[in-house]
Amino acid sequence: RLGSQEGYPGLDARWFWTFQTAFWSALALFSIANSINLGDSPTQAWRILLAEAGGFAVTGLAHYTLLRPSRLWSLGRRAALALTVSVATTAAYVLGIFVSYFIIAPVEGPPSLATGEITRLEFLLMSAPRWMFLNFPVFVGWSGFYLALDSARRLRAQEKRLYESMMLAKDAQVKMLRFQLNPHFLFNTLNAVSSLLLDKRTEDADAMLGRLARFLRFALEVLPDDETTLEDEIAAQRLYLEIEQIRFEERLQIAFDVEAGCLPALVPTLILQPLLENAVKYGVSRSTRPVHVRVCARRIDANRLELCVT
């Protein structure tokens with residue numbers, strides 16, 4: 001199998017045609033300048049342009065039929081394929097040279113061709129090895145540039161996907177930490193609501209669901225890297241503790257000691273959540289006596305804030 005259409009894209013259409021146009025345009029200009037320097041008439045430049053157009057066409061065909069479909073092969077296999085393609089495209093290029101110089105508008109050839117001692121086909125077979133030798137490096141160079149650019153693009157795509165995967169993993173990790181309001185919290189809360197309804201304490205159940213809805217709305221609407229004011233953070237955590245207070249009743253006593261000047265300060269969203277969950281999980285739930293959970297906030301200096309849960 002030459003390779004699926006999935007995986008790393010390598011040279012896309014825009015990059016390939018940019019490379020293709022630049023390579024063959026530069027080669028055409030160099031060949032025309034060299035031809036004129038050797039004494040050929042500028043009016044014969046069309047022959048060179050025709051030959052280079054043939055090279056442009058055959059390498060483009062090689063890209064779409066052989067090199068692009070094999071982009072998931074190992075580099076060694078692709079290099080071997082590229083070498084084979086270089087031989088084939090050189091042969092096609094040589095044929096294009098012969099057609100432009102000796103078929104479409106024939107130039108003066110060797111005397112043996114002019115006198116009919118040899119046919120055009122015999123002349124082509126005699127000249128082809130030399131022409132192949134002279135032009136083969138051009139197509140090897142094209143293949144080398146092609147593989148280098150293709151590998152660089154594939155590597156760039158790999159790096160991009162790796163970076164995206166790392167960012168997704170990081171976001172997932174942050175979200176998992178945020179939702180240490182984990183399924184146990186949600187399950188326990190809904191179970192408590194169910195118990196309240198069975199006890200016909202509908203007002204308490206309704207209040208608990210209202211607090212849960214407001215708390216989840218706050219938790220789900222913020223992004224992982226968002227900051228919020230300490231005032232909003234305290235309001236969200238108050239909702240969380242009041243929900244737990246309905247569950248544990250007199251076993252959970254809550255207090256907030258926050259300096260008024262701290263409330264506008266920006267803090268990471270849900271920064272207090274893991275601390276409060278641990279306090280409830282390891283302090284309140286394991287105790288049969290009332291447990292006091294206290295949230296404190298004070299300003300250390302103009303740029304620092306101290307938060308604590310005791």
Side-chain angles (χ1 to χ4, degrees), residues 2-3 10-71 73-110 113 118 120-155:
L2 285 178
L11 283 178
D12 57 23
R14 181 175 65 88
W15 276 90
F16 171 73
W17 289 114
T18 299
F19 158 67
Q20 183 80 331
T21 302
F23 183 92
W24 288 105
S25 296
L27 186 62
L29 290 174
F30 174 80
S31 298
I32 291 172
N34 186 59
S35 174
I36 294 173
N37 184 58
L38 293 175
D40 292 340
S41 171
T43 59
Q44 298 299 310
W46 68 269
R47 300 180 189 274
I48 295 174
L49 292 176
L50 182 61
E52 307 306 350
F56 183 93
V58 295
T59 50
L61 183 64
H63 164 69
Y64 281 105
T65 59
L66 295 172
L67 295 175
R68 186 172 182 270
S70 68
R71 66 189 183 279
W73 285 8
S74 66
L75 183 59
R77 291 181 67 193
R78 292 200 81 202
L81 177 63
L83 188 61
T84 303
V85 167
S86 297
V87 174
T89 49
T90 303
Y93 183 75
V94 164
L95 183 60
I97 292 175
F98 176 78
V99 169
S100 65
Y101 278 87
F102 296 99
I103 300 296
I104 296 177
V107 297
E108 183 179 350
L113 181 61
I118 58 173
R120 289 179 178 176
L121 178 59
E122 290 173 331
F123 173 70
L124 173 61
L125 294 176
M126 292 171 54
S127 304
R130 177 173 175 272
W131 292 351
M132 286 281 293
F133 176 78
L134 292 175
N135 291 286
F136 181 64
V138 172
F139 290 88
V140 170
W142 181 90
S143 297
F145 277 120
Y146 177 94
L147 290 180
L149 288 174
D150 187 68
S151 296
R153 292 287 295 172
R154 292 177 64 194
L155 181 60

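Side chains included, hydrogens not; waters and symmetry mates left out as well; all remaining heavy atoms used.
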>> Quick check against the 3.5 Å criterion: does Ser86 have a side-chain atom that pairs as donor or acceptor with the backbone of Phe139?
In response: yes
> Which pair of heavy atoms, one from Ala28 and one from Ile48, lies closest together, and at what distance?
Replying inline: O-CG2, 4.3 Å
>> Nearest 0.5 Å, please: how far is CZ in Phe19 from CZ in Phe145?
In response: 7.5 Å
>> If I compare all heavy atoms of Ile97 with all of Ala51, which pair ends up nearest, and what's the gap?
In response: CG1-CB, 4.0 Å
> So how far is it from Phe98 CZ to Leu125 CG, rounded to the nearest 0.5 Å?
Replying inline: 9.0 Å
> What distance do Asp150 atom CG and His63 atom NE2 have between them, rounded to the nearest 0.5 Å?
Replying inline: 8.0 Å
>> The test is side-chain contact (heavy atoms from CB on, under 4.5 Å); show your working for Val85 and Thr59 and say whether it passes.
In response: CA-CA 8 Å; Val85 167; Thr59 50; over 6 Å; no
> Short question: side chain of Ser35, backbone of Ser31 - any donor-acceptor pair under 3.5 Å?
Replying inline: no
>> Is it the case that the side chain of Ser70 and the backbone of Leu67 share a donor-acceptor pair, with hydrogens and angles ignored and the cut-off at 3.5 Å?
In response: yes
>> Taking Leu124's backbone N and O only, do any of them form a donor-acceptor pair with Ser127's side chain (distance below 3.5 Å, no angle check)?
In response: no
> Should we say atom OH of Tyr64 is surrounded by more than 12 heavy atoms from elsewhere, each under 6.0 Å from it?
Replying inline: yes
> Taking all atoms of both residues into account, what is the closest heavy-atom pair of Arg68 and Arg78, and its distance?
Replying inline: N-NH2, 4.5 Å
> When rounded to the nearest 0.5 angstrom, what distance separates CD1 in Ile32 from CG in Leu27?
Replying inline: 10.0 Å
>> Please check: side-chain N/O of Thr21 versus main-chain N/O of Thr18, any donor-acceptor pairing under 3.5 Å?
In response: no
> Does the side-chain contact (heavy atoms from CB on, under 4.5 Å) test come out yes or no for Phe23 and Tyr146, once each step is laid out?
Replying inline: CA-CA 10 Å; Phe23 183 92; Tyr146 177 94; over 6 Å; no
>> Holding to salt bridge (Lys or Arg N to Asp or Glu O under 4.0 Å), I want the full list of residues that pass it with Arg47, two or more places apart in sequence or in another chain.
In response: none
> What closest approach, in Å, do Thr65 and Leu61 show between heavy atoms, and which atom pair accounts for it?
Replying inline: OG1-O, 2.6 Å
> Relative to the ring of Trp142, is the ring of Phe16 parallel (under 30°), tilted (30 to 60°) or perpendicular (over 60°)?
Replying inline: perpendicular
>> Classify the ring geometry of Trp24 against Tyr93: parallel below 30°, tilted from 30° to 60°, perpendicular beyond 60°.
In response: tilted
>> To the nearest 0.5 Å, what is the distance between CG on Leu29 and CG on Leu49?
In response: 8.5 Å
>> Whether the side chain of Asn135 engages the backbone of Trp131 through a donor-acceptor N/O pair (distance < 3.5 Å, no angle test) should be reported.
In response: yes
> Taking side chain as C-beta onward, heavy atoms only, is Ile104 less than 4.5 Å from Leu50?
Replying inline: yes
> Can you tell me how far CG of Leu134 sits from OG1 of Thr90, rounded to the nearest 0.5 angstrom?
Replying inline: 11.0 Å
